[in-house]
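Presented below is the structure to which this report refers.
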Amino acid sequence: MKREFTIDCGPDFSFFHAAKSHGWYDLPPFKFDDDDASLSGAFIAERGVISFCVRGAGDKLKVTATGQTSEEVVTQVVKHVLRMEDDLTDFYTQTRSDGAMNWVTELNGGRLLRSPTVWEDLVKSICTTNCSWGLTRKMVGNLVEKLGSSGSDGIKAFPSPGEMASVSVDFYKDEIRAGYRSAYLFELADTVASGKLDPASWMHSNLPIADLKKEIKKIKGVGDYAAENLLKLLGRYDGLALDSWLRSQFYVRHNGGQKCSDKKIERHYSRYGAWRGLAIWCDMTEDWFK
DNA sequence: GCGTCCAGGTCTACC
DNA sequence: GGTAGACCTGGACGC
């Protein structure tokens with residue numbers, strides 16, 4: 001079943017800047033089509049896999065969805081992945097008064113694309129650790145292709161915890177090419193599938209940021225970077241989620257190309273308080289939108 | 001084509 | 001708490 005409808009997004013939302021805010025649009029099931037500036041994706045609903053395609057159209061989004069579910073469910077997922085209901089008022093107040101960051105306010109940036117589920121973001125975060133972006137794409141692509149279920153149009157969704165727990169550690173090594181992460185991914189899938197861990201609960205957790213980070217870091221394969229990256233996707237921006245790319249960008253933009261300590265980077269963004277993780281990301285990706 | 005080196009983030013053992 | 005080495009893959013490079 002295919003349906004088309006629109007979602008009001010208002011004049012202060014930029015579909016393009018949300019969809020291409022970071023590399024997630026490049027990881028399946030997401031796909032960004034540059035020719036018609038559309039983002040497509042897929043998710044698992046009650047009665048099977050739903051695929052969707054979103055385009056920006058002024059103060060509306062045009063959505064095409066295939067599969068058996070309601071317009072409301074698809075709308076909810078689209079709003080979730082594009083961060084449409086995130087309140088960035090405080091952040092924009094700060095970027096507006098910061099000459100170098102004013103572009104974020106003017107372009108309505110700062111909405112970091114996320115997956116339909118915390119589970120998917122968690123697994124993808126682990127797949128970004130200790131490897132090139134090319135390998136991340138390969139691992140995530142293999143997960144979707146070899147373990148994901150298809151919708152009526154043949155488009156596959158990211159595999160559920162159950163689907164990922166149904167194969168062996170060797171499958172992750174040989175087929176997914178996850179290397180030493182294989183045991184981590186299998187163990188994580190098994191823990192979530194059996195109900196011992198519920199990543200979705202982190203979305204509305206009342207835990208202080210430090211405690212929530214500790215909780216997330218209990219998962220094998222998740223260290224400071226991966227935990228802070230996931231926290232950003234949960235709407236908690238206290239951590240910088242420093243990786244080699246972010247550090248190298250900072251050195252060039254703010255330290256004359258010379259290496260410096262992480263503490264210096266942290267001091268640079270400390271004025272943004274609880275928004276510092278979003279501030280560094282916007283600052284380092286400004287060139288993407290020029 | 002083959003072998004070697006390197007980058008990447010986290011875990012574990014050790015101090 | 002801090003540090004060193006191992007983990008594994010793919011790309012770059014030299015031969």
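- In the hydrophobic clustering, where aliphatic and aromatic side chains (Ile, Leu, Val, Met, Phe, Trp, Tyr) are joined below 4.5 Å either directly or transitively, A:Tyr180 groups with A:Tyr184.
- For the OP1/OP2 pair of B:dT12 and a distance below 4.0 Å, the side-chain nitrogens and oxygens of A:Lys220 include at least one atom meeting the criterion.
- Atom pair A:Leu188:CG and B:dT10:C1' shows a separation of 15 Å (rounding to whole Å applied).
- Nucleotide B:dT10 holds its P atom 13 Å from the CD1 atom of A:Ile216, rounded to whole Å.
- If you measure from atom CG of A:Leu230 to atom C1' of B:dT10, you get 16 Å, rounded to the nearest angstrom.
- Considering only residues two or more places apart in sequence or on other chains, A:His254 meets the ring-ring contact (aromatic ring centres under 6.0 Å, His included) condition with A:Phe250, A:His268.
- Here B:dA7 presents its C1' atom at 14 Å from OH of A:Tyr225, a figure rounded to the nearest Å.
- Across the protein-nucleic acid pair, A:Glu228 atom CD and B:dG9 atom C1' stand 12 Å apart, rounded to whole Å.
- Contacts of A:Ala226 with the nucleic acid, taken as non-hydrogen atoms under 4.0 Å apart, involve only primed sugar atoms and P, OP1 or OP2.
- In this structure, A:Asp224 pairs ionically with A:Lys213, as a charged nitrogen and a carboxylate oxygen lie closer than 4.0 Å.
- Taking the six-membered ring where the residue is Trp, A:His17 and A:Phe289 present tilted rings, their angle falling between 30° and 60°.
- For the pair A:Tyr184 and A:Leu135, both in contact range of DNA chain B, the more 5′-proximal nearest nucleotide belongs to A:Leu135.
- We find that CZ of A:Arg181 is positioned 9 Å from P of C:dT9, with the value rounded to whole Å.
- Across all strands shown, A:Gly221 has heavy atoms under 4.0 Å from sugar-phosphate atoms exclusively, and none from any base.
- Distance, A:Met139 CE to B:dT10 P: 13 Å, rounded to whole Å.
- Nearest to the side chain of A:Asn130, among B:dT10, B:dT12, B:dG9, sits B:dG9.
- Neither OP1 nor OP2 of C:dC8 sits under 4.0 Å from any side-chain N or O of A:Arg177.
- Within the 4.0 angstrom heavy-atom criterion, no nucleotide atom of any strand lies near A:Leu242.
- Of the listed nucleotides (B:dG8, C:dT9, B:dT10), B:dT10 has the atom at the smallest distance from the side chain of A:Thr129.
- Checking the phosphate oxygens (OP1, OP2) of C:dC8, no side-chain nitrogen or oxygen of A:Ser182 falls inside 4.0 Å.
- Ring orientation note: the planes of A:Tyr25 and A:Phe32 are nearly perpendicular, at an angle over 60° on the 30°/60° scale.
- Taking all atoms of both residues into account, the shortest heavy-atom contact from A:Ser125 to A:Asn229 is OG-ND2, 3.2 Å.
- Between the side chain of A:Tyr180 and the base of B:dG9 there is at least one donor-acceptor pair of N/O atoms closer than 3.5 Å.
- For the helix from B:dG1-C:dC15 to B:dC15-C:dG1, the rotation axes defined at the first and last 5 base pairs enclose an angle of 30°, given to the nearest 10°.
- For A:Arg247, whose side chain is taken as the heavy atoms from C-beta onward, the closest listed nucleotide among B:dT10, C:dT9, B:dG9 is B:dG9.
- Candidate nucleotides B:dT10, B:dG8, C:dG10 were compared by shortest atom distance to the side chain of A:Lys138, and C:dG10 ranks first.
- A:Tyr272 pairs with exactly one of A:Asp238, A:Asp283, A:Asp98 by the side chain to side chain donor-acceptor pair (under 3.5 Å) rule, that one being A:Asp98.
- Out of B:dG8, B:dC11, B:dG9, the shortest distance to the side chain of A:Asp243 is found at B:dG9.
- Under the 30°/60° scheme for interplanar angles, the aromatic rings of A:Phe30 and A:Phe52 are found to stand perpendicular.
- Of the side-chain N and O atoms in A:Ser244, one or more sit less than 4.0 angstrom from OP1 or OP2 of B:dG8.
- As rounded to whole Å, 12 Å separates atom C1' of B:dC11 from atom CG of A:Asp224.
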